[in-house]
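Reviewing the structure listed below.
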Protein chains: 2
Amino acid sequence: MTHIQSNDPLAELPGYVLRRAANAMMGELGARLAAIDLKISDASVLLLIAGRSDMTSSEIGKVLDIQRANMVPLLNRLEAAGLIARQPLDRKSQAIVLTPAGQTRLGEVQAITHAFEADLLARIPDADRPHFMPALKALIG
Amino acid sequence: MTHIQSNDPLAELPGYVLRRAANAMMGELGARLAAIDLKISDASVLLLIAGRSDMTSSEIGKVLDIQRANMVPLLNRLEAAGLIARQPLDRKSQAIVLTPAGQTRLGEVQAITHAFEADLLARIPDADRPHFMPALKALIG
DNA sequence: CAATTTTGCTATAGTCAATAGCGATCCGGA
DNA sequence: TCCGGATCGCTATTGACTATAGCAAAATTG
């Protein structure tokens, strides 16, 4: 349980609080996704390639900010679990697509993700909620 | 360079954006602190024990959310760098205090941290800025 | 067609956090 | 006072995750 103490002089530093909030939320999401045997990065891939059949490993990595080399064990794991398949696009590239089992699992991911995002937003006071996403987006890129 | 793509369906998920924002900001802070040979957790400890001489390793860990076991190499590193010292409180506990060199380094940490926090907040649109800390704090604990 | 870039991958190393366990010490209640 | 539980600092190990370098093959570009 993460709990900032009142005597913590770092509790007023935005960067520090940002890190703590992200850690707390990702811990929570990870715990929920563990119920369907997926890691956060696994779920991200499933959500990303949903309804598409043209995304290569490198493209997924670019979007999700995961390096080419680190995509390999990730996709191997998803393939071994029967959730994705590799479809040759040409002699060099291959598309990553959902298998039927992957489609099913994607449904569970969407349910968990949707509930999680709703719970996350619900914790934010009404007055602050509309400003949450714009503020975070301004910090990226 | 982190850069959410327009075709990224995850870009509207608060949890995902929160993680990306925290990663981007911590990467930036880590790079700035590397200039004075400190990691983020090192700097956090220095900021926390500033002006105090009664905090034990376990207490620091509780406040910063670092486990006892993981405090050891962290404090060893700071001690080897001559920035902190261990002062016995009784035969079991010891206070972690700044050395004179640690005081000096703390000044640099404060300068870097202050500039970083200012730059971070400056990136957030005026209208959203007052809502940033309250929203994040609501997610912790 | 030559040069460069891209793709998917191997192999490796480093960082970081989590777990379990240990001896010593401290503290609170009977 | 003494016993039992809690706490302290630490060791050792493990697992996740990330970063780097390099490679062969194929695609792309000029």
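Order of the sequence lines fixes the chain letters, A, B, ..., with proteins taken first and strands second; residue numbering starts at 1 for each chain. For clarity, every value in this text was computed on a predicted model and none was experimentally measured.
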Does a salt bridge link [X] with [Y], judged by any charged N lying under 4.0 Å from a carboxylate O?
X      : Y      : result
B:D37  : B:R77  : no
A:D126 : A:R129 : yes
B:E28  : B:R123 : no
A:R105 : A:E108 : yes

Contact under 4.0 Å: [X] side-chain N or O vs [N] OP1/OP2:
X     : N      : result
A:R68 : C:dA11 : no
B:K62 : D:dT7  : no
A:S93 : C:dT6  : no
A:R91 : D:dA25 : no
A:Q67 : D:dT18 : no

Quick check: on DNA chain D, is the nucleotide nearest B:A69 upstream (toward 5') of the one nearest A:D90, or the reverse? Name the residue that is more 5'. B:A69
If you find the nucleotide of DNA chain D closest to B:Q94 and the one closest to A:S41, which residue's nucleotide is nearer the 5' end? B:Q94
Position toward the 5' end of DNA chain C (nearest nucleotide), A:R19 or A:A95: A:A95
Mind calculating the distance between [atom1] ([X]) and [atom2] ([N]) to the nearest angstrom?
X     : N      : atom1 : atom2 : value
A:D65 : D:dA19 : CG    : C1'   : 13 Å
A:N23 : D:dC17 : CG    : C1'   : 13 Å
A:R86 : C:dG8  : CZ    : P     : 9 Å
B:M71 : D:dC8  : CE    : P     : 12 Å

Can you tell me whether the side chain of A:K92 and the base of C:dT7 have a donor-acceptor pair closer than 3.5 Å? no
Between the base of C:dA18 and the side chain of B:N70, is one N or O donor paired with an acceptor at under 3.5 angstrom? yes
Side chains of A:R86 and A:N76: donor-acceptor distance under 3.5 Å anywhere? yes
Answer with base, sugar-phosphate or nothing: what part of the nucleic acid does A:T56 contact at a heavy-atom distance below 4.0 Å? sugar-phosphate
